[in-house]
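Note that the coordinates shown come from a computational prediction; the quantities given were computed from them, not determined experimentally. The first residue of the sequence shown is numbered 1, and numbering continues consecutively from there.
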Amino acid sequence: MLDKSAPTSSVRTSGPLAGFRIVEFAGIGPGPFACMMLADMGADVVTLDRIGAKKSMKSVAGRGRKVIELDLKDKAAIAEVLDLLANADALVEGFRPGVMERLGLGPDVVLARNPKLVYGRMTGWGQEGPLANAAGHDINYISITGALAAIGTKEAPVPPLNLVGDFGGGALYLVVGVLAALLEASRSGKGQVVDAAMCDGAASLMSFFFDMTTLGRWTEGRDQNFLDGGAHFYGVYECACGHFVSIGSIEPQFYALLREHAGLNDADFDAQMDRKAWPALKEKLKAVFKSKTREDWCKIMEGTDICFAPVLTMSEATQHPHMVARNVFVERHGVKQPAPAPRFSRTPSAVREPEAAEIAAVTKAWKR
């Protein structure tokens with residue numbers, strides 16, 4: 001079997017998950033992102049990919065794990081995978097419901113071989129339900145949760161990249177679920193299946209807004225609430241140079257600073273929380289921000305309690321002084337990319353470059 005990892009490197013043993021062994025079945029989107037996080041935190045992650053798959057060492061989401069090519073339609077390969085899983089702590093797969101079962105690698109089979117294994121499943125619709133076997137993408141999964149309908153302009157919803165479904169509601173919930181199950185397994189000695197569905201996670205992310213609705217502080221729709229662009233004091237404004245800045249001056253003391261630094265002496269701005277006044281005040285504030293460049297506004301407002309920041313592109317973000325000072329971005333194989341997050345004081349995460357190893361060698365190394 002062919003291995004596509006870096007030919008040589010030293011294996012890092014730091015990170016809060018050092019010593020944990022995870023088998024990832026190659027996929028796209030949230031699964032690889034979740035496994036990137038687990039690998040960044042020190043887990044020994046092995047990715048099983050199809051023979052001939054082209055995987056770039058420059059892949060950000062693909063960093064930090066050994067990659068082994070094999071044919072899952074080959075019974076001999078399935079036997080090798082089961083041997084590998086016998087000594088693993090967790091498995092992560094993102095196929096449609098039933099695929100792993102048809103391969104002979106379903107939870108019943110694998111957990112019978114390794115009762116302590118955490119079996120992580122990442123899908124859009126979940127393992128059951130009317131849509132479980134339908135195709136879909138991030139935009140579809142967040143559509144049925146109420147999230148997409150709340151994001152955008154008055155005219156139409158706007159897809160928030162694939163941050164809400166794939167990564168926020170998918171990958172991060174998968175990571176939390178796997179870690180929680182690993183913690184429980186360390187006490188009970190028993191593994192379990194983690195069913196992480198993007199529609200579940202995206203709905204969960206909307207909890208705050210369901211709360212606000214219950215309290216009568218949120219109206220269904222777009223561009224009419226204080227966090228969806230409706231309020232003049234929380235939004236994005238274009239500058240004279242064509243670039244944009246963002247403000248989030250919600251609290252009265254922060255709003256007072258906004259008025260002071262932007263010269264908002266018009267008495268109309270006294271009505272901060274009057275929803276009826278927001279449209280007119282927003283138009284006035286548009287004209288104010290359009291009077292100076294983004295650089296000018298940064299000199300005036302950045303670092304104050306106005307809750308201000310320039311709206312940067314990805315390439316600009318890597319050069320911002322705050323991001324540079326915190327080493328938020330690192331370079332790997334010539335590619336600038338986000339560094340591991342979150343940060344740990346005693347067992348720091350890091351971008352890992354594992355040694356090359358074929359499946360037999362990994363299985364032997366994982367023998368307990």
Side-chain angles (χ1 to χ4, degrees), residues 15-48 61 64-65 85 88-101 105-111 113-129 131-132 136-138 141-142 144-145 147 162-208 210 340-342 344 347 349:
L17 296 183
F20 283 91
R21 300 160 174 175
I22 299 173
V23 176
E24 172 194 12
F25 287 78
I28 60 173
F33 185 83
C35 288
M36 177 201 75
M37 290 189 67
L38 295 170
D40 285 347
M41 288 187 277
D44 188 3
V45 183
V46 174
T47 302
L48 306 182
R65 50 258 210 209
L85 291 171
D89 295 294
L91 172 160
V92 172
E93 63 95 1
F95 300 125
R96 291 197 202 190
V99 171
M100 289 291 280
E101 285 80 356
L105 295 169
D108 291 346
V109 173
V110 175
L111 288 172
R113 184 77 177 271
N114 181 358
K116 196 176 179 180
L117 184 85
V118 171
Y119 199 110
R121 314 198 82 167
M122 181 77 261
T123 59
W125 305 115
Q127 294 299 312
E128 71 281 321
L131 296 174
H137 276 299
D138 177 290
Y141 309 137
I142 69 173
I144 66 169
T145 67
N162 53 337
L163 298 175
V164 177
D166 279 352
F167 303 119
L172 295 184
Y173 277 79
L174 175 61
V175 169
V176 170
V178 167
L179 295 181
L182 285 172
L183 180 62
E184 195 280 334
S186 70
R187 297 176 177 174
S188 68
K190 298 178 181 180
Q192 59 184 305
V193 175
V194 177
D195 176 4
M198 285 174 251
C199 62
D200 294 359
S204 177
L205 289 174
M206 292 295 290
S207 297
F208 173 79
F210 276 85
F344 300 88
T347 58
S349 297

Any [X] side-chain heavy atom under 4.5 Å of [Y] side chain:
X: Pro16; Y: Ser349; value: yes
X: Asp89; Y: Val118; value: no
X: Met198; Y: Asp138; value: no
X: Ile22; Y: Leu38; value: yes
X: Pro115; Y: Lys190; value: no
X: Asp200; Y: Thr145; value: no
X: Trp125; Y: Ile144; value: yes

- Task: Could you please spell out the steps behind the side chain to side chain contact (heavy atoms under 4.5 Å, CB included) verdict for Leu48 and Val23?
- Result: CA-CA 7 Å; Leu48 306 182; Val23 176; 3.7 Å; yes

Please report the closest heavy-atom contact between [X] and [Y], naming both atoms and the distance.
X: Ala90; Y: Leu117; answer: N-CD1, 3.6 Å
X: Pro30; Y: Ala171; answer: O-CB, 3.4 Å
X: Gly64; Y: Ala39; answer: O-CB, 3.4 Å
X: Pro107; Y: Val193; answer: CB-CG2, 3.7 Å
X: Pro97; Y: Ala132; answer: CD-O, 3.5 Å

- Item | Asp44 (side chain) donor-acceptor with Phe20 (main chain) under 3.5 angstrom |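 Such a contact is absent between Asp44 side chain and Phe20 backbone.
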
Atom pair [atom1]/[atom2] of [X] and [Y] - distance to nearest 0.5 Å:
X: Asp195; Y: Met122; atom1: CG; atom2: CE; value: 8.5 Å
X: Leu179; Y: Met37; atom1: CG; atom2: CE; value: 8.5 Å
X: Cys35; Y: Asp40; atom1: SG; atom2: CG; value: 11.0 Å
X: Ser188; Y: Lys116; atom1: OG; atom2: NZ; value: 8.0 Å
X: Leu163; Y: Asp166; atom1: CG; atom2: CG; value: 9.0 Å
X: Thr123; Y: Glu128; atom1: OG1; atom2: CD; value: 9.0 Å

- Apply the side chain to side chain contact (heavy atoms under 4.5 Å, CB included) test between Phe25 and each candidate in Thr47, Val99, Leu105, Val92; give the one that qualifies.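 Exactly one option meets the side chain to side chain contact (heavy atoms under 4.5 Å, CB included) with Phe25, and it is Leu105.
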
- Message: Between Val110 and Tyr119, does the side chain to side chain contact (heavy atoms under 4.5 Å, CB included) criterion hold? Intermediate values first, please.
- Response: CA-CA 9 Å; Val110 175; Tyr119 199 110; 4.1 Å; yes

- Do Leu91 and Glu93 pass the side chain to side chain contact (heavy atoms under 4.5 Å, CB included) test, and can you show the C-alpha distance, the side-chain angles, and the key distance before you say yes or no? CA-CA 7 Å; Leu91 172 160; Glu93 63 95 1; 3.8 Å; yes

- Query: Does the distance from a Lys or Arg side-chain N to an Asp or Glu carboxylate O, for Arg121 and Glu101, drop under 4.0 Å?
  - Reply: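 Yes, this pair counts.
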
- Verify side chain to side chain contact (heavy atoms under 4.5 Å, CB included) between Met41 and Phe344, making sure each step is shown before the conclusion. CA-CA 9 Å; Met41 288 187 277; Phe344 300 88; 3.8 Å; yes

